[in-house]
There are 2 protein chains.
Amino acid sequence: MSNARLVSQVPDADTASWCNTIIKGDCVSRLELLPEKSVDVVFADPPYNLQLNGDLTRPDQSRVDAVDNDWDQFDSFAAYDAFTRAWLLAVRRVLKPNGTIWVIGSYHNIFRVGSIMQDLGFWMLNDIVWRKANPMPNFRGRRFQNAHETMIWASRDKEARSYTFNYEAMKAANDDLQMRSDWHFPICSGGERLKDESGQKVHPTQKPEALLARVILSSSRPGDVILDPFFGTGTTGAVAKRLGRNYVGIEREDDYIAAATQRIAAVEPLDSLSIRVTAGKRAEPRVPFNTLIESGLLQPGTELTDAKGRYSALVRADGTIAVGNEAASIHRMGARVQGLEACNGWTFWHIRHEGKLQVIDELRRQVRSSMETA
Amino acid sequence: MSNARLVSQVPDADTASWCNTIIKGDCVSRLELLPEKSVDVVFADPPYNLQLNGDLTRPDQSRVDAVDNDWDQFDSFAAYDAFTRAWLLAVRRVLKPNGTIWVIGSYHNIFRVGSIMQDLGFWMLNDIVWRKANPMPNFRGRRFQNAHETMIWASRDKEARSYTFNYEAMKAANDDLQMRSDWHFPICSGGERLKDESGQKVHPTQKPEALLARVILSSSRPGDVILDPFFGTGTTGAVAKRLGRNYVGIEREDDYIAAATQRIAAVEPLDSLSIRVTAGKRAEPRVPFNTLIESGLLQPGTELTDAKGRYSALVRADGTIAVGNEAASIHRMGARVQGLEACNGWTFWHIRHEGKLQVIDELRRQVRSSMETA
DNA sequence: CCGGAAGTTGAATCGAATG
DNA sequence: GCATTCGATTCAACTTCCG
């Protein structure tokens, strides 16, 4: 695999040989070929174990093209459970300790998948509901229209603390409101839906790229490795490549592999500027309070107050602030004057600047900005 | 139980002695007192087995009042599974062959509940998503906002063919479109939320009556018997009585029984079932900016400018826009480049389209119009 | 000009949370 | 060390209007 296949700014020289390939075969046995702790994110769209009896016809007597493939046939819940446990275990071995996994399913299988994930030690972060903009109607009128599917997002371990979640990016993309657990997307159709020469859909359950894009943008960084053990026609690979991530797919059926290979080859990765992840304050360089003093933005002896002028403190040369005889950090003193356990001093304290109160976090922003240009 | 009673419009004199009562005690042992095959619908809101560590504070340092009741403490998944199997078995005995059961839960427990239901022979009809209009935010920014809960609706047996589903009523209530599996309701608050003398909520997880009303209206008929084995403060009973159904509740805690008794006594049954749960015409749906990208109307890398071309920004794949090294939402970046506090990014930013500038609000209009036709 | 009703604005509160 | 919150609801504070 040449580095040229990967976009810039990503760790490329040491990308493993199996990256950005489709491995043919059964996912449990093929996963044994991958090193442990080597992938950042897993997206899995396993067989749903639909239990369909006979044909379903629309009110006009046309026949619904159901999922009746061999790969969705299981003899019992026990057989499906064993299958599920096996692939989840195999996937867990290759997942990094801080990696996360997504599994999508419907009410036919998602409860079994979720239980087994918990039994194996995965730690649930969210269940995400994909609300379909254009779901298939319920033709018999005996149930509610099945208008959603469910995704489970989980970390490899309960103890994982530094899994990737691009909170700020999701929030900014959602008009500055934090992203909820219910997502709204159309199903995969139109030009995006892969068809064969005779116009038949290549895969019965192809997922929309927009769904995968949000999955990947929320829980991975450029250059990460994303594994899809049920690759199908390669939606995960196509979106990963477009977004500057590495993929690895496992698939049994030659037809699907052929379609996915062709599809992914046609994908043009976005330039590196377009895929940069919006970082939250967590990722910004830490600026100690006394940097403000050292840089001359703030003089010792300056008076700090809260936004309403109820409390005041004096800046001291050593980077502490004083109230009466006591001195402490901006955070501890902010907490103490309010009688709270904790306080963010950067957003609590203000200075008087040209007659108006200005939060000292603004001074920190100026320091950071000058750090970048320096 | 006579057939005549089943078709009457209201619960009447020949109802069994245990109907419209609250039975005190543990639900598994108390259910043994009820005759088998005697209830039409079960609604169950079992403990969720939340596994909370320590306190959670809001960004303003106020403390979140968590669910820390004894009844939600289990030693292990195995203990929770045994509890779940026991009450589901007991409930199944008293359910009529054509009866159905609803169980509500969250990702903490719903996968275990669903698996066990399938193992015991219940047959899933739908999973229903309750999308909360006003969920609690995620204060730490480490996950998606947990904005929904899940209900499972199942028949007692796979073979049940004549369970009750008021398809036409649901469709009529939904502006003549089939009722979908995703429902939208506010959480229980305001005057509906039961408070004690000191203003504290009586029950930590009281469900909204609107939710129960749709459950009952969709899956039962007037005069039916509805069992709630975790009665709590009696939402199921209050709504059942109002809608002309019989209820029977089982509850262990005296405080909850007292509150439920008083609450239900104050309920006036409706004289007509023409009252339906109105979904209410929603305001124009909010379209987050990244919907434009996800729908393909706007490509990452596209340049945005203001109407006079003084400022420009780059669209990124994650739904933010970038000016230089900084990225933010369309609104915040619009404000920043102008040096303002706020800005409506939808009307500020434009794209070049066929040689002319087009405001991105026009793209939003296109998305909304395609949502309507879908 | 006074008193009270009625309407408006803004602050404060709080919710099944593996945080 | 210091980052992190959304929407419904209620209540207090204030304004306006009318007799």
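By convention in this document, chain letters (A, B, ...) are assigned in the order of the sequence lines, proteins followed by strands, and residues within each chain are numbered from 1.
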Hey, does [X] reach any base, or is it just sugar-phosphate, or nothing, if we go heavy atoms under 4.0 Å?
X	result
B:Ser106	nothing
B:Ala133	sugar-phosphate
B:Lys201	sugar-phosphate
A:Arg286	sugar-phosphate
A:Arg180	nothing

note = A correct 5'-to-3' footprint of nucleotides 7-13 of chain C, with B, S and - meaning base, sugar-phosphate only and no protein heavy atom under 4.0 Å, is -------

Roughly how far apart, to the nearest Å, are [N] and [M] at atom [atom1]?
N	M	atom1	result
D:dT5	C:dA12	C1'	14 Å
C:dA16	D:dT10	P	16 Å
D:dT16	C:dC1	C1'	16 Å

key: Which nucleotides of DNA chain C pair, in dot-bracket form (Watson-Crick or G-U under 3.5 Å, | meaning another strand)   = .||||||||||||||....

message = Please identify the 5'-most and 3'-most nucleotides of DNA chain D with any atom under 4.0 angstrom from a heavy atom of chain B.
response =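 Footprint of chain B along DNA chain D, 5' to 3': D:dT4 to D:dT10.
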
ask   = Would you say the side chains of A:Ser218 and A:Arg214 form a donor-acceptor pair under 3.5 Å?
value =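 A:Arg214 and A:Ser218 do not have a side-chain donor-acceptor pair below 3.5 Å.
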
